[in-house]
Structures are given as structure tokens and as C-alpha cells.
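Chain identifiers are assigned alphabetically (A, B, ...) following the order of the sequence lines, protein sequences preceding nucleic acid strands; residue numbering begins at 1 within each chain. These numbers were taken from a predicted model, which means no experiment stands behind them.
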Amino acid sequence: MTENLVIVESPAKAKTIEKYLGKDFRVVSSFGHIRDLAKKNLGIDIKNNFSPEYEIPKEKAKVVAELRKAAAESKNVWIASDEDREGEAIAWHLVSVLKLNLPTTKRIVFHEITKDALEKAILNPRQVDMNLVNSQQARRILDRIVGFEISPVLWKKVQPALSAGRVQSVAVRLIVEREREIIAFKPESSFRINGIFRTDPDSTENNLIRAEAGKRFSDENDAARFLEVCSSSEFRVAGISVKPGTRSPAPPFTTSTLQQEAYRKLGFSVSQTMTVAQKLYEAGKITYMRTDSTNLSKLALAKSREVILSEFGEKYSRTRQFKTKSKGAQEAHEAIRPAYLNSLTITGSQNEKKLYELIWKRTIASQMADAEVERTTISIAMNNSPVIFSAAGEVIKFDGFLKVYTESTDYENGDEEKYILPSVKKGMLLHYVTISAFQKYTTPPPRYTEASLVKKLEELGIGRPSTYAPTISTIQNRGYVLKEDRPGEKRQLKIITLSKGTISTSSKTEAAGKEKAKLFPQDIGMIVNDFLLENFSEIVDYNFTAEVEEQFDEIAEGRLKWTGMLDKFYSAFHKTVTDTLEKKNRKTGIRILGVHPETGEQVSVKMGRFGPVAQIGDSAQEGKPRFASLNRNQLLETITLPEALNLFRLPRSLGIYEGDEMVVGTGKFGPYVRYRNKFYSLKKGVDDPYSVTVERAAAIIKEKGENDKKKVMKDFGEILLLNGRYGPYLSKDKKNYRLPKGIQADKLTKEDCIGIINESEKTKKRTD
DNA sequence: CAGTGAGCGAGCTTCCGCTTGACTT
């Protein structure tokens, strides 16, 4: 018999707490929620006051059995789940599943894991707060109702297996609306005038002043004319202003800001960041990684100060406590910080080291002094034009926190680099080195990255630290959005330069719209979004979550009845569901593009059974309509008649290579050449299926053949030993088998291979 | 790996938020 059993949510937390509590306490973990609404059906008896049907999921059965046993063996049970809505619900489910006594079960909470905090918590147990539990039940049931009533409407009216939800549908909406802004955007070009000046015309020293003219020119000829004016002008310093300023460090990391910075500084995806952070947490190297709090414990503040004093000195230290700003924050944990602030580095994988260092720097910097800067602006006047050039420079007088860490921004602009300006006096004569007019296009609003989407969702108070990464996976898994790179389109930029009295013109190419790992909406995402906006505008409203959150708060405070709140929501919502099912037509995103120039048949595009498709002819007319799939990166919304007609040119016969026909087409994985019943992919960004030549196609086929030969290390007839991306492996009957560790691939015999394959098949069956 | 788009219909799909492994490649 144990004297005391403490139940927490996370096993790593259980381990650390056990160390502090001593022999009389056994600490175990519930691994999060132990019960949920029934998986099948709605799991809610709506007519019976929204009575929930809870069940223990299969994968939780073992944990629950162990918890039951532990509880039975203990005199006192202490429930120490997190101090928020979800944590309180976990506590209540534990009480009912473990058949504990609600009024006497000791509910305790703590925000930092120190001996002091734990002892204080143990001395102040309370009861499970049923108001807070009920606010969680309302949240859970509302989400289930929204998801499980709208999704089937989509299956009927749009396509099977789609989904909608309070969080995911807003995430998709953000991406779709941004894309439409980009589609509607018309870039405009203008010429900016940049001059490089120096004080002494003969000096070769690097004390240059880079200044921009206060006027831009939309017309190239006007820009050139201005440079002519410049060539005969005198330039003098018209004014100098020096202003002191300060810069302050960013708060310590929350889940959302960690995901953003790890993406910007380390190139991690949102889910990669969470996997690496989980490893660090389990190893006891950082505090909990799913948090919305920027709070640091007193201990962490003191330790940070100690580290800063010894590393950088007194004047670099400034203890700060940050207030959490984000909407709906529940602050059950600390900010994400190193568990031991005096460890600057750790052992572990490269990614673990990198992420840890980022967390260390951010935490330490947040406790350091402001940086002091001096911003200097020099204005330069001309004697034959009212245009003023101005140069901005920044000098860091005291680096403060910048010694350790600078926060990145999403869209870093090289143009805004700060220079140190040489010292000049008012009225001083300046000499230009070059003055250039650079053509520049305005850019559309940026597409979302995973990280910037998380940032936006957090600002709207939608989603929680534990769901940002899964939500991003969901909207990609459903096919609503796709994360991809785009090469962009080449665009010429003109540069007109005045140098030593003569004007010359040159040009530079840029890839307009080049994108890396951005979220692009897909047709099905746009169709579903529009359908939801038309029929369920309340649910996809950016304020919906904030509004229901207010009501959940009222429930938590005991000012609102949870069943009443749900009833009010449901009666209006359910009517919308039935009305939509009854009255609305299927939504296919159909667009009539026009008529075929030769046959006069109708040409249209729509979402077909297997994806977006262009169609010539109408099933109402005679003859079967013809179909062609749209290419990736074409949208139903923007495709034109000629582009649609062009799709019907494929597949086409290309010609003969060594006696057999080559056919070019475009399939699920992009453009290909088919030759002797085998597919050869055309090179992305290099080959175009409409214009690829016979010679080029033959070269692709030949090259692939040679590569395949290189791949084969040994050929045992039906079994092949192949060299793959991850090293050698076996292939038989189109199935691949991994080699056991430590085997020398080049010494394998056919018998060895058969043995490996049989062994692998056996273990596979066991796990089935 | 890639090509498809007649029509019918059984049975399936689906939410958010709290936690980790157990999987395969």
C-alpha cells in the first residue's frame, strides 16, 4: 500500500516530480485525456440535455487499467493535471473512471516544478471545479457537433471524406482568401533612385553614403531624364539628424513563437520543431513545449540573472516578466526555456542542439538590457532640382540583448540594411560615385508558410499549442492546401546608371512569385471554403471562436449554464444544417469558359470524381463529352479557354525511338514519356510536354536506363539487390525488403537474400 | 506510381484538445 498517489498528465513530469516528493508519494501519468466522446456516431444525446456518451479509447485501456490498480493500492489520490479547462476535465474523468470520491479527492495545481511549489500545492488541495469541467464539456461537445454535422453535408454536396471544423475551416479560409488577394493583385513597376556619394572625390576609402531620392518615377524616360539632371547638379548636405533609440528583446518562447523562429532561423517545419522539442523535454533539457505562456518562474529569472552576470556583466542584466498577449491563453505552464540555464549547449542530435541553443538564447536575451542605438539621417539637396536624397544609418551604442539574439521577421528585406554613415557637416559638398534608377515591382501580399499561419491563428485565438501542428497536417491531408515550391516567372528589371557623367542602361532578371514551402490552396479547398461561407458563415467567421470562448468563460465562472449555451447554439445551427441539405445543390465549382472554336461545343471546367477536370461538350448534347485533367498549379478559378483547350493536346505521339513509339502525356505525378509500357518523368522546370523534342525524350529514356543499371548491385533473377536512397535493399515481386543491420551487401548470396525475405515476411505476419 | 469522368449503391469518411509511442519508409 502506497500512502499517496499523484496523477499528472505527462510521464516526463511525473518522473521529475517524484524526485522532489519523497518516499511517501508515488507519481504516475494519465498521458493526457483518458476518455472522450464515443468514436462512432455523434456521441451526444441531444434530446437528453446534450448528455455526452464517454468511452475509453482502445489505446488508453492499458493506461487506465494501470491507473485503476495504482489508485486501489493508495490511501490518498492527488490529481495534479494542468490548471486549465482541459486539465480540470481530465481530473474529473479520472475521478469518475477510477471511482474516486469527488468531494474528497484532492485536486492540486502548480506552475513550476520546485520543492517549494510542490509543498505549497500539497498544503492547499481543493475540489474538482465542476464549472470549469462543464466549460470543457461545452467546448468538446460544440466542436463535435460542428465537425460531425457539417462534414456529412460536405460528403453529400461536395465530395466524400471531406471535413469541416471550427479550427481547420478557418485555417483553410485564411489561405484561400490570401490566394484570391494574390490573384487580384496587379503589379506595378516604378523606378527608385539610389545614389552613392562620398565626401572626397579622390578618396578610395570605404566611407560611402548610400541615399535614396525622395521621388520615384513610374516612367522609364522620366527616370532617365532625372539622371541627366543629376549629372549636372551639385549635391550638398542639407541637414543631419541624430536620434537616440532603444530596442527591446522579445519575450521567451511559447509554442507558437518557437515554431515561427525555428522555421525562420533553422528551416524546421512546424511538426519537426515539435518532434525535436519533445525529445529535449523528455531528456529533461527544456520545460514543457506546449504552452501559451511567456511567464518565467522566479527560479528561472534568478538563474538567468546569474548566467548573464557571469557571462556578460552587470550592465547587460535586466530582469523582466512578460505578460502573455495572445487571445484565449490559458497559461497552465511556463514559457519554453532551458531546464538548466547554465548549460549553454547540450549533447544530442544536430537538430536538438540547434533548437536548444535557440531556446537558450531567446530566454537569456529576454532577461537582458535594451540595446541603445543612434539613428542618423542625412538629407542631400540638389542645386537644380527640388528632389532631396536621404540616407539613413544606425549605430549601435550599446548592444545589450543583441549580443545574444535578434528575432527574425517573416519577410526580411535586404534593402533595409543599416549602414554606419561617415561624419559630415551641414553644407558640405558631396560627390556622386553612381546614381542609378532601379526598376522595382510592387509585390502581392505574401502566401502563408506553416509558421506564419500558426502566428495568424494564434492572433485570432483559434487553436491551441497542442493542435497547431496537427491542424496544419489535417488541412494538407484533406487536400485543401498543398505545401510546395514554385519557381516563379522570370522578369526583366531595368537599371539606368549615371557614372562619371555618362548614362547607361542594363538589366537584371528576377523570378517573380518564386516561393519556397508555401501553402497553396487547392481547388477542393476553395470549393469547400466557398460552400461553408455561403451556408455556414457563422462557423467560419474569424470571430466565432472568440465569441464562444467568452461563453465558455462565463460557464467556467458559473454565470452561464453549459447545456443552455449549447441549446441556444444548436437550435439555430441544426436548422442551417437541415436547410442546406434540403435546399442546396451540389457544388462542383463549375465554370463555363466558352465554346470550342471549331466544333462550337461548350468548354467548361469543374471538380470531377478524380479531381479538377476540363470538359468539351455537354452530356445533354449528342456524343460523349471529352475530359482532360487540369495540371497542378492550374486553378478552376483562373484557367482560361485557351489553357483548357491546350490540355486536350495530350497525350500525344512524339515519334519513334529504336523502333517503338514514344507518347507524351501528363499524369498524377506530372508530365511523362511512355515508352515500351514504361513511364519516364520529364524534368520539372526543364521540359515542357507540349514542346519536348524527340531527341530530348530519347535522351531521358536512355539516361533513366543507365541509372537503373547502376542501381542494380546484383541480379538473382526474381530477386534484385538494389542501391537505393537509404543504401542497399532487396526487391522481389515489386516488394522491397530492408537488409538487417551490419550485413555486408556485396557479399550476399541468393540464399542469403531468400532467407532475409522469408524472415521479413514472418515478422510482418506477426504484427498483422 | 501515372491512363480514369455510365450509373447504382453498401459502407465508409468527420471534430478539437490532452498526451506519447508504435508503426513503416
For this session: For A:Leu162, answer base if it contacts any base atom (sugar-phosphate contacts may also be present), sugar-phosphate if it contacts only those atoms, and nothing otherwise; contact means non-hydrogen atoms under 4.0 Å.
Result: sugar-phosphate
Problem set entry | Phosphate-side-chain proximity, A:Arg478 and B:dC15, N/O vs OP1/OP2 below 4.0 Å | yes
Exercise. Rounded to the nearest Å, what distance is computed from the CD atom of residue A:Gln136 to the P atom of nucleotide B:dG17?
Worked result: 11 Å
Exercise. Counting any heavy atom closer than 4.0 Å, what does A:Gly165 reach on the DNA or RNA strands: base, sugar-phosphate only, or nothing?
Worked result: sugar-phosphate
Exercise. In residues 459-472 of chain A, which ones come under 4.0 Å of DNA chain B, going by heavy atoms?
Worked result: A:Gly463, A:Arg464, A:Ser466, A:Thr467
Exercise. Which one, B:dC18, B:dT20, B:dC15, comes nearest to the side chain of A:Gln278?
Worked result: B:dT20
Problem set entry | With A:Ser163 via side chain to side chain contact (heavy atoms under 4.5 Å, CB included) - residues at least two apart | A:Ser151, A:Gln168, A:Arg478, A:Tyr480
For this session: May I ask you to verify if any side-chain N or O of A:Arg626 is less than 4.0 angstrom from the OP1 or OP2 atom of B:dT4?
Result: no
Problem set entry | Nucleic acid contacts - residues 85-93 of chain A versus DNA chain B, non-hydrogen atoms under 4.0 Å | A:Glu86
Problem set entry | Secondary-structure stems, DNA chain B, at least 3 Watson-Crick or G-U base pairs under 3.5 Å | none
Exercise. If you pin A:Asp84 and A:Thr474 to their nearest nucleotides in DNA chain B, which one's is more 5'?
Worked result: A:Thr474
For this session: Please identify each residue that fulfils side-chain hydrogen bond (donor to acceptor under 3.5 Å, both in side chains) with A:Arg652, with sequence neighbours left out.
Result: none
Exercise. Distance between the C1' atoms of B:dA2 and B:dA6, in whole angstroms?
Worked result: 23 Å
For this session: Tell me what A:Gln615 touches on the nucleic acid: a base, only sugar-phosphate, or nothing, going by heavy atoms under 4.0 Å.
Result: nothing
Exercise. In chain order, what residues pass the ring pair (Phe, Tyr, Trp, His ring centres under 6.0 Å) check against A:Tyr54, with sequence neighbours excluded?
Worked result: A:His93
Seminar exercise, completed: Interatomic distance, CG@A:Leu654 vs OH@A:Tyr675, rounded to 0.5 Å, equals 12.0 Å
For this session: Check whether any side-chain nitrogen or oxygen of A:Tyr672 sits under 4.0 Å from OP1 or OP2 of B:dC1, and answer yes or no.
Result: no
Exercise. Which letter, B, S or -, goes with each nucleotide of nucleotides 5-12 of chain B from 5' to 3', with contact meaning a protein heavy atom under 4.0 Å?
Worked result: B-------
For this session: Return the nearest nucleotide to the side chain of A:Glu282; candidates are B:dT14, B:dG21, B:dA2.
Result: B:dG21
For this session: Would you indicate what A:Ala164 reaches in the nucleic acid, counting non-hydrogen atoms under 4.0 angstrom: base, sugar-phosphate, or nothing?
Result: sugar-phosphate
Exercise. Is the distance between the ring centroids of A:Tyr680 and A:Tyr672 less than 6.0 Å?
Worked result: no
For this session: With a 4.0 Å heavy-atom cut-off, tell me which residues in residues 52-68 of chain A come close to DNA chain B, sorted by residue number.
Result: none
Problem set entry | Length of the line joining A:Leu42:CG and B:dC16:P, which is rounded to integer Å | 15 Å
Exercise. With no angle test and no hydrogens, is the base of B:dA2 tied to the side chain of A:Thr666 by a donor-acceptor pair under 3.5 Å?
Worked result: no
Exercise. Taking only residues two or more places apart in sequence or in another chain, which ones pass side chain to side chain contact (heavy atoms under 4.5 Å, CB included) with A:Ala65?
Worked result: none
Exercise. Side chain of A:Asn631, backbone of A:Gln634: donor and acceptor closer than 3.5 Å?
Worked result: no
For this session: Write down the distance separating the C1' atoms in B:dG9 and B:dT13, rounded off to the nearest Å.
Result: 16 Å
For this session: Report yes or no: is there a donor-acceptor pair, N or O only, under 3.5 Å between the side chain of A:Arg139 and the base of B:dC16?
Result: yes
For this session: For A:Lys456, look at atom NZ and say whether over 12 heavy atoms of other residues, nucleotides or ligands are found less than 6.0 Å away.
Result: no
Seminar exercise, completed: From CD1 of A:Ile475 across to P of B:dC15 the rounded distance in Å is 12 Å
Problem set entry | side-chain hydrogen bond (donor to acceptor under 3.5 Å, both in side chains) against A:Lys156, all qualifying residues, sequence neighbours excluded | none
Exercise. Reckon A:Ser151 touches a base, only the sugar-phosphate, or nothing at all at heavy-atom distances under 4.0 Å?
Worked result: base
For this session: Assign A:Ser81 to base, sugar-phosphate, or nothing according to its heavy-atom contacts below 4.0 angstrom with the strands shown.
Result: nothing
For this session: Measure from the side-chain heavy atoms of A:Asp82 and tell me the nearest of B:dC16, B:dT19, B:dT14.
Result: B:dT19
Exercise. A:Gln136: what forms a side chain to side chain contact (heavy atoms under 4.5 Å, CB included) with it, not counting sequence neighbours?
Worked result: A:His33, A:Arg85, A:Glu86, A:Ala89, A:Arg139, A:Arg140
Problem set entry | A:Ser349: side chain to side chain contact (heavy atoms under 4.5 Å, CB included) partners, not counting sequence neighbours | A:Asn351, A:Glu352
